[in-house]
2 protein chains.
Amino acid sequence: MSIADRKDREKKELTELILKEARALFLEEGFEKTSIRRIADRIEYSPATIYLYFKDKNDLLLALHQESFTHLFEALSSVASVPDAFERLVALGKAYIEYGLKNPEEYELMFMLSAPLEALECRHELWCDGQKAIDLVKMMVDDCKAHGYFRKDLDPDTTAIMLWAQVHGLVSLYLKQRFKMFQDQDQKKLIDKTFGLFIKTLQCFR
Amino acid sequence: MSIADRKDREKKELTELILKEARALFLEEGFEKTSIRRIADRIEYSPATIYLYFKDKNDLLLALHQESFTHLFEALSSVASVPDAFERLVALGKAYIEYGLKNPEEYELMFMLSAPLEALECRHELWCDGQKAIDLVKMMVDDCKAHGYFRKDLDPDTTAIMLWAQVHGLVSLYLKQRFKMFQDQDQKKLIDKTFGLFIKTLQCFR
DNA sequence: TTGACAAAATGAACACTGTTCATTATATTT
DNA sequence: AAATATAATGAACAGTGTTCATTTTGTCAA
């Protein structure tokens, strides 16, 4: 049936047009300004049409959130080329922080907003993008163990969460202006310095 | 002039009535449901009246935010009685986490929402509540140095930020449902375990 | 006590928001 | 060409923060 095929294709095309313009609006003007009506304006359809392609706004934001994760994993993929296991873990942390600072809106969508997780919740689905991310950290922790950087009895799950919480703490406090009180110092250097100290601290895992 | 005094008092009283009901609404139904109109309903004034007492919603949220800090400092004050310097730092971290988990809305207001900091920004004021909080951590880090738990060359500023970022990372990821993917385990125990590991890690500062 | 003035409170409006649904327009099938 | 299925929409609902002309209330001097 080529006509059903075309219908499927058209459905997919409009879905992606919505996402494309939603993404553009999201990156240009941020989460707050990304309204259904403004997306509708950009794609030249009525607001109601969007609801034929997405259950609600959370559902649309979940789709954007998933695209952002692909973007994040791209940004993190370069660290794979770092030969040393511990240096690789350090590079991962640095790349994560850099991604957060350079893509604030996407970072918020992935790790700070409730919307995408609410969409998953009502679909009875788990946050597998997050699982993939923490698995990446866990693997690198295991590598560090294998190469003698971390003790063998170290729990990789707990360690991965600790690493994640540290970098997320730094990025999210920065993004929400909580480092502006350190007015004299450069905020980004402060993050680097803190991350550096954290890395030093990790060396006692040996 | 007793009449000017009474006017001042009345101004203060209504300001505090607004804050009282705003706070109640905020705690009962959360940030999202705390609208100017609903506050107005509760205090039995028109929405426009609120704007005679607060510049805008951010300004009102800043006032709530400051009240929350008093509440936080109260919750943290008990750790002062812990005799050992390092144990005191650990107790501070635990108390901070516990406060965050038990008072999610207040925690978000203090450390995750933009609103209060935007209000400060347009007043050209600094986030002195935040400064007081980080100073508390810094003092305890200094205590640890003084009692031989941390090396003398450790930078207390960077260390304080690292400690803060760690606990904030844990609390904020939890509050934004990012730990729900670890479905089998108890999320709060996961936080405790991670914080425990972090504390162990700190012992290499000796 | 009354009139003039100042202060406080408000109703209504503006420009938005997400979402739903009966109606209309388009496309496909009989 | 008529009947049916699919797609798109206009209009409405209920809500948001905010502003401002208008009205109400309170104070003070004549």
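Worth saying up front: this structure is predicted, and the values here are computed from it rather than measured. Residue numbering restarts at 1 for every chain, and letters A, B, ... go by the order of the sequence lines. All values below were derived from every heavy atom in this structure, side-chain atoms included, with hydrogens, water molecules and symmetry-related copies excluded.
- Between B:Asp41 and B:Arg38 there is no salt bridge, since no side-chain N of the basic residue sits under 4.0 Å from a carboxylate O of the acidic one.
- Atom-to-atom, CD of B:Glu10 to P of D:dT25 comes out at 15 Å; the value is rounded to the nearest Å.
- Of the candidates D:dA7, D:dG17, C:dT19, the closest approach to any side-chain atom of B:Lys57 belongs to D:dG17.
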After noting the C-alpha distance and the side-chain angles of A:Lys176 and A:Met112, does the key distance pass the side-chain contact (heavy atoms from CB on, under 4.5 Å) rule? CA-CA 10 Å; A:Lys176 289 296 169 185; A:Met112 298 164 78; 3.6 Å; yes

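- Taking the ring centre of B:Phe31 as origin, the terminal cationic atom of B:Lys57 falls inside the region bounded by 6.0 Å and 45° from the ring axis.
- Going from atom CG of B:Leu60 over to atom P of D:dG17 covers 10 Å, rounded to whole Å.
- In this structure, B:Ile50 places its CD1 atom 14 Å from P of D:dT19, rounding to the nearest Å.
- Atom pair A:Leu14:CG and D:dA7:P shows a separation of 11 Å (rounding to whole Å applied).
- If you take CD of A:Glu118 and P of C:dT19, they are 11 Å apart, rounded to a whole angstrom.
- Using bins of under 30°, 30° to 60° and over 60° for the plane-to-plane angle, the ring pair A:Tyr107/A:Tyr96 lands in the perpendicular bin.
- A distance-only check finds a donor-acceptor pair linking the side chain of A:Asp84 to the backbone of A:Glu87 [under 3.5 Å].
- Side chain of A:Arg88 to main chain of A:Cys144: no donor-acceptor pair is present (N/O by atom type, distance under 3.5 Å, no hydrogens or angles).
- Between the CG atom of A:Leu52 and the C1' atom of D:dA5 there is a distance of 14 Å, given to the nearest Å.
- A:Phe54 comes within contact range of no nucleotide atom at all, as no heavy-atom separation falls under 4.0 Å.
- In this structure, B:Leu17 atom CG and C:dA8 atom C1' are separated by 15 Å, rounded to whole Å.
- For C:dT10, the OP1/OP2 oxygens have no side-chain nitrogen or oxygen of B:Tyr51 closer than 4.0 Å.
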A:Tyr45 and A:Ile50: side-chain contact (heavy atoms from CB on, under 4.5 Å), yes or no, with the steps? CA-CA 8 Å; A:Tyr45 277 84; A:Ile50 293 176; 6.0 Å; no

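- Remark: B:Arg37, B:Tyr45, B:Ser46 in residues 18-47 of chain B come within less than 4.0 Å of DNA chain C through at least one heavy atom.
- Of the two residues near DNA chain C, A:Lys55 and B:Ala48, the one whose nearest nucleotide lies more 5' is B:Ala48.
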